[in-house]
Amino acid sequence: MKAFFLLDELNQFHWAMLKSVLLILSLLPISEGALALWQTAEGSSQIMIGFFVLSLLSAWFVVCFLSALKTTVWHHADLISKYEQFLFKAYRYVPMLCLSTLVAYLSLQFSVSL
């Protein structure tokens, strides 16, 4: 009988999960820095900075979404008990939940600051 946390596939899944969550959490300093830069600029510079930040953040959101989606669809059938299967199913939705919470937080922050 294999131990739940010692399986190589689950270890790889755990590291993919951590990378995905850290990638998603890196959106916070990027967006705060971009917002601070946008608020200090004036006039036509705001248009240029806004366009650059919008394209950068949209690309970063796509990368984060694909990373979270990759961990969400991860499938492993060698789990032993129903409890382990339940833990695995709940654990693989953590990055998508983190991303959706962060998107809601950032949209609220941007709407309040503007």
Side-chain angles (χ1 to χ4, degrees):
M1 186 165 115
K2 293 181 180 179
F4 179 67
F5 291 109
L6 297 178
L7 292 174
D8 188 44
E9 297 87 10
L10 290 179
N11 190 21
Q12 290 175 356
F13 172 70
H14 179 69
W15 285 109
M17 176 79 63
L18 287 177
K19 285 189 268 185
S20 177
V21 169
L22 287 176
L23 185 69
I24 291 167
L25 289 178
S26 69
L27 281 167
L28 278 175
I30 292 171
S31 63
E32 289 298 319
L35 184 62
L37 181 65
W38 186 75
Q39 287 177 342
T40 58
E42 294 180 7
S44 63
S45 298
Q46 279 187 338
I47 295 170
M48 183 77 156
I49 291 171
F51 177 73
F52 179 71
V53 166
L54 184 64
S55 61
L56 177 75
L57 280 178
S58 62
W60 199 258
F61 274 113
V62 168
V63 169
C64 290
F65 177 74
L66 289 176
S67 174
L69 189 64
K70 183 180 170 185
T71 59
T72 303
V73 296
W74 193 295
H75 190 66
H76 186 65
D78 294 338
L79 299 177
I80 297 159
S81 68
K82 292 288 185 186
Y83 176 70
E84 289 173 345
Q85 290 176 0
F86 175 74
L87 280 177
F88 181 74
K89 285 180 182 178
Y91 186 57
R92 69 181 182 183
Y93 289 108
V94 168
M96 197 61 81
L97 180 66
C98 182
L99 180 65
S100 61
T101 305
L102 192 66
V103 167
Y105 172 75
L106 289 177
S107 64
L108 180 69
Q109 287 292 72
F110 284 139
S111 66
V112 168
S113 67
L114 299 178

Name every donor-acceptor pair, under 3.5 Å, that has one atom in a side chain of residues 23-36 and the other anywhere in the protein, sequence neighbours excluded.
{"unit_1": "Ser26", "atom_1": "OG", "unit_2": "Leu23", "atom_2": "O", "d": "2.5"}
{"unit_1": "Ser26", "atom_1": "OG", "unit_2": "Trp60", "atom_2": "NE1", "d": "3.2"}
{"unit_1": "Ser31", "atom_1": "OG", "unit_2": "Leu27", "atom_2": "O", "d": "3.0"}
{"unit_1": "Ser31", "atom_1": "OG", "unit_2": "Leu28", "atom_2": "O", "d": "3.0"}

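Between Phe13 and Phe88, the angle of the ring planes lies from 30° to 60°, which puts this pair in the tilted group.
At a threshold of 4.5 Å between side-chain heavy atoms, the hydrophobic network of Ile, Leu, Val, Met, Phe, Trp and Tyr places Leu56 and Leu37 in one connected group. Val103 is connected to Tyr105 through a chain of hydrophobic side-chain contacts under 4.5 Å among Ile, Leu, Val, Met, Phe, Trp and Tyr, so both are in one cluster. Under the 4.5 Å side-chain contact rule for hydrophobic residues, Leu97 and Met17 do not share a cluster.
Of the possible donor and acceptor atoms, none in the side chain of Ser67 sits under 3.5 Å from a partner among the backbone N and O of Val63.
Side-chain contact between Val62 and Phe65 is absent, with no heavy atoms from C-beta onward closer than 4.5 Å.
Residue Phe51 holds its CZ atom at 12.0 Å from CD1 of Ile47, rounded to the nearest 0.5 Å. Interatomic distance, Ser20 OG to Arg92 CZ, rounded to the nearest 0.5 Å: 14.0 Å. For the atom pair Ser44 OG and Ile49 CD1, the distance stands at 9.5 Å (nearest 0.5 Å).
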